[in-house]
Amino acid sequence: MRVVLAEDLYLLRDGLSRMLTAHGFDVVAAVETGPELLAALLELRPDVAVVDVRLPPTQTDEGLQAALAARREVPGLPVLVLSQHVEQLYARELLADGTGGVGYLLKDRVFNAEQFVDAVRRVAGGGMAMDPDVIAKLLARSGRDAPIARLTPREREVLELMAEGRSNSAIGQRLYLSESAVGKHTASIFGKLDLAPSDDDNRRVLAVLAYLNGAAGG
Amino acid sequence: MTTRAVRRAGLALLHGMALAGLGVPGAAALLVVHLAFFVPGFGLGLLPLVPLPILAGRPLTDLVRRLAAAGSGTPLGSPYRPRPAPLEPEADGRYPHHNRLYRHSWMPRFLRLLDWLLGDPATFRDLGWMTLTPAVGLLLGGLPVALVGAGGWYAVSAVDRHWWAVPAGLAVAVAGLAVAPWLRTRHVRWTRWWLGPTQRQPGRLRVWYGFQLLLLLRLLCLLGLSLLALPLAAISAVALVLAYGLGIVVVLPPLIQNLRWLPELRRELAGRWSGVGVESPYLPRPGLPDRRPDGRYQVGNNLYQTERWAAYNVRLRWLVRDPASWRDFGWLLLDPVVGGLSLAAPLAAIGYGIFGLAMPRLWMLVGAKPAGGTDWYASVAGVDAAAIPVGLALAALGLLAAPAVLRGNGGWTALLLAPTAKAKLALRVRRLTETRADATENQAAELRRIERDLHDGAQARLVAMGINLGNVEYLMDKDPEAARALLAEARQASAKALTELRDLVRGIHPPVLAERGLVDAVRALALDTPVRTEVTAELPGRAEQPIESAVYFAVSELLTNAVKHARAARITVDLGYADGRLRIVVADDGRGGADGSRGSGLRGIARRLGTFDGVVDLSSPPGGPTTVILEVPCALSSPRTSIS
């Protein structure tokens with residue numbers, strides 16, 4: 001699987017590159033600035049890009065802007081954005097086009113190599129990987145009268161994990177539930193959130209995230 | 001009459017009876033209780049007695065409200081203001097109320113209770129209802145019952161004496177039934193008027209009338225103050241003769257200082273009533289100079305042995321050398337003439353126009369003779385009838401001129417009482433000194449906080465991690481399982497250290513602010529606020545970084561306040577820029593009652609923005625809504641792509 005990596009700190013770039021290579025990825029480019037990243041993404045068309053939000057030369061959200069620009073050119077280009085801080089604002093911008101293949105994680109998540117690599121693979125496959133911090137903030141925000149409030153605590157847990165991009169079986173493992181029990185919960189969640197059920201796993205998550213996105217926009 | 005109409009009339013009769021039956025004795029009893037507690041409460045100063053009858057009466061008025069609502073279909077909301085928020089002690093454990101701090105909470109709590117009850121117009125409307133309803137309620141609710149009862153009784157008791165007793169009695173009873181619905185409607189309306197929440201808009205005429213009256217009262221008040229300047233000017237003149245003629249200089253400092261209240265009051269009124277802001281021009285009072293090596297104090301070119309004399313002379317020099325003192329004197333002399341005459345003119349025109357010309361002529365038309373003869377008024381150029389139109393025209397002219405006179409009075413006040421260019425400069429220096437002190441103090445406090453957070457947080461965790469890793473190294477061969485456990489622990493510690501650093505960074509300079517600027521940073525803040533928050537923004541560029549940062553933290557604090565203290569359900573934030581000022585309006589629909597002088601948060605915001613000459617304006621009546629306006633003068637640069 002071909003990866004483009006954008007990170008301006010040498011130590012982190014090197015470490016990420018090593019880790020991804022060790023897990024069987026092919027790092028085709030490791031760049032350090034926004035313009036370089038945009039060029040690499042459009043030229044190399046990688047299977048997935050791992051991008052730091054803040055990049056030179058401006059040291060602002062150049063990585064994010066480059067990733068968004070590339071996705072406008074190549075819709076659905078899988079991008080996993082890493083940052084020292086997570087903002088719902090950025091999450092919503094990444095999700096806005098609704099084409100999937102988006103990840104947004106704290107850099108801390110890299111510590112757990114297995115989970116991180118799992119997230120990269122999910123994003124590459126067109127799925128989602130949202131940082132639990134973002135999800136928690138999104139859920140905390142929805143007001144008293146929001147449909148989210150109608151969910152049971154268990155359903156909220158399921159929704160959180162679903163929004164992170166996990167499959168039913170993965171959710172079942174996490175919560176010590178059978179896969180069919182998770183299925184029942186998800187069906188109930190869709191019912192309460194007025195979302196038409198669909199058998200496509202990825203579309204479900206997208207729908208949920210789009211919903212959260214909408215709820216946050218209020 | 002159909003059966004339905006009879007039933008309706010009967011129901012109305014019963015409802016009216018219930019209202020009167022509950023309201024009349026209840027109100028009478030309550031009135032007695034109120035009097036029993038209020039007379040010693042207000043009369044003898046036994047204030048703790050005051051809240052008791054008010055609180056005790058509210059369940060009854062609530063009940064009457066519910067009963068009145070039952071008849072009209074629309075529910076009658078509670079008119080009372082919400083209870084004050086629970087009292088929270090300040091950092092030092094004392095309790096604030098208005099301008100005082102209390103060691104124990106019972107006193108401020110009681111005062112707040114009193115403020116709440118006596119500051120609520122609904123309390124007095126309840127009282128008005130209690131006073132009047134024993135008569136009015138009895139009439140409205142009791143009349144139909146009395147008619148029906150009397151008619152029935154007459155029909156039964158007089159049937160033996162007069163053959164027409166039965167039809168007459170029945171007619172009276174039917175009349176009672178017939179008026180019952182109409183009276184019931186009046187009764188309910190009467191009750192609603194007194195006990196319902198007041199949201200009536202006064203009529204246009206009443207607003208106009210009130211406005212004119214207010215205008216005239218202000219003119220009258222200013223006129224009074226202008227005339228008051230006359231004796232004060234006389235006293236000043238005497239004092240000046242004493243001081244400079246006879247050398248009794250001691251009279252000067254107390255005189256000058258004690259006369260300042262009148263010009264100060266006029267400056268304030270000029271701003272509030274005339275819309276002409278006049279700043280206070282007085283120079284700040286200097287402190288005592290440092291003692292010289294020879295133990296004496298130097299004030300000007302004079303040396304003083306004792307501290308007392310030095311202090312006295314410092315004060316004298318401060319007052320006498322302040323040009324504002326002499327301008328005050330000049331104003332005291334001139335204002336009775338210039339201000340007084342200009343203020344008196346419209347008042348005299350209105351007074352003479354109405355009471356001198358129009359009214360007496362009108363009286364004479366209906367035949368009455370005005371007291372005191374007619375020789376000096378009530379006719380114009382020998383034509384009696386002309387007095388009415390000329391009088392009215394004169395009054396109208398006075399009314400028309402009044403706003404201009406009020407504005408002009410502000411200008412006149414500013415002419416002599418506003419600070420001179422030099423005084424302005426001195427005041428500016430004082431303000432800058434203050435804000436600079438605030439800024440440096442803030443910065444020092446901030447650095448201390450960062451140091452402490454790093455020291456107790458990330459730094460300590462890194463040390464622990466280092467120790468753990470050392471142990472891992474040692475255990476790696478001997479006990480790989482234990483080493484693995486320690487490694488997991490070290491990883492957790494590093495994650496925690498990162499989280500702490502992240503929070504710290506957010507507190508120093510939020511990353512979104514660095515990456516996106518103020519508007520998006522405020523948007524991010526809004527998204528993180530657990531209450532529905534809408535942000536609207538129209539900024540043509542970006543402000544300087546320190547200003548963006550100060551405004552960001554101010555908005556952050558305000559959002560926290562709205563959620564925590566005001567318990568708002570909706571917040572709006574508007575960022576705009578006009579006339580060289582960045583203007584942020586944060587409004588919420590919470591319960592209000594925020595006090596800018598009390599909350600340390602708001603004072604902190606004012607201090608931080610003060611460094612940039614920014615101001616904070618708070619409007620938060622009890623019951624809400626709360627609106628805070630931040631204004632910072634600044635220039636905006638065109639949107640930058642680079643801030644490095």
Side-chain angles (χ1 to χ4, degrees), chain A residues 8 12 33-35 52-65 68 81-93 95 105-116 131-134 136-146 148-149 212-218, chain B residues 458 461 465 487-535 537 542 545 559 563 567-572 589 639-644:
Chain A
D8 56 328
L12 260 176
T33 69
D52 183 8
V53 165
R54 201 185 283 200
L55 286 181
T58 57
Q59 290 295 355
T60 59
D61 59 339
E62 207 152 311
L64 179 69
Q65 297 301 346
L68 288 173
V81 175
L82 291 179
S83 175
Q84 291 283 20
H85 62 104
V86 285
E87 299 292 341
Q88 295 183 62
L89 190 72
Y90 295 178
R92 292 177 56 198
E93 288 173 3
L95 290 169
L105 294 178
L106 273 177
K107 278 190 181 168
D108 311 19
R109 311 295 171 207
V110 180
F111 291 178
N112 191 329
E114 267 165 44
Q115 275 186 26
F116 177 68
D131 198 278
D133 271 20
V134 181
K137 279 180 180 171
L138 282 171
L139 287 175
R141 219 190 94 81
S142 27
R144 275 157 280 149
D145 46 334
I148 292 268
L212 287 175
N213 195 13
Chain B
R461 284 195 199 286
M465 257 166 70
L487 269 179
E489 217 173 274
R491 197 170 68 186
Q492 262 178 13
S494 82
K496 273 211 183 106
L498 266 177
T499 311
E500 281 171 11
L501 281 175
R502 192 156 39 238
D503 291 344
L504 187 63
V505 165
R506 236 178 237 284
I508 300 171
H509 193 76
V512 209
L513 190 57
E515 288 163 7
R516 289 286 183 85
L518 183 60
V519 173
D520 274 357
V522 169
R523 286 212 171 97
L525 259 185
L527 285 174
D528 286 347
T529 304
V531 167
R532 195 184 164 88
T533 306
E534 273 165 35
V535 180
R542 286 188 61 174
Q545 261 195 52
L559 289 180
V563 173
R567 306 214 186 118
R570 238 184 85 113
I571 309 173
T572 56
D589 63 351
R640 275 184 290 185
T641 47
S642 165
I643 51 162
S644 51

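Residue numbering restarts at 1 for every chain, and letters A, B, ... go by the order of the sequence lines.
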message: Would the distance check show the side chain of Glu87(A) and the main-chain N or O of Ala524(B) forming a donor-acceptor pair, the cut-off being under 3.5 Å?
response: no
- request: Indicate yes or no: at least one non-hydrogen side-chain atom of Leu498(B) is less than 4.5 angstrom from one of Lys107(A).
  value: no
query: Going by heavy atoms in the side chains, are His85(A) and Val505(B) under 4.5 Å from each other?
result: no
- prompt: At their closest point, which heavy atom of Ala495(B) faces which heavy atom of Asp108(A), and how far apart are they?
  reply: O-OD2, 4.0 Å
Val110(A), part contacting chain B, at a heavy-atom distance under 4.5 Å: neither
Minimum side-chain heavy-atom gap Leu64(A)-Glu515(B) below 4.5 Å: no
field: Side-chain heavy atoms of Arg491(B) within contact of Asn112(A), under 4.5 Å
entry: yes
task: Under the side-chain hydrogen bond (donor to acceptor under 3.5 Å, both in side chains) rule, collect the residues that match up with Asp520(B), sequence neighbours excluded.
output: Arg516(B), Arg523(B)
Taking every non-hydrogen atom, the tightest pair across Gln88(A) and Leu527(B): NE2-O, 2.8 Å
- request: Identify which part of Gln84(A) has an atom lying under 4.5 Å from any heavy atom of chain B, answering side chain, backbone, both or neither.
  value: both
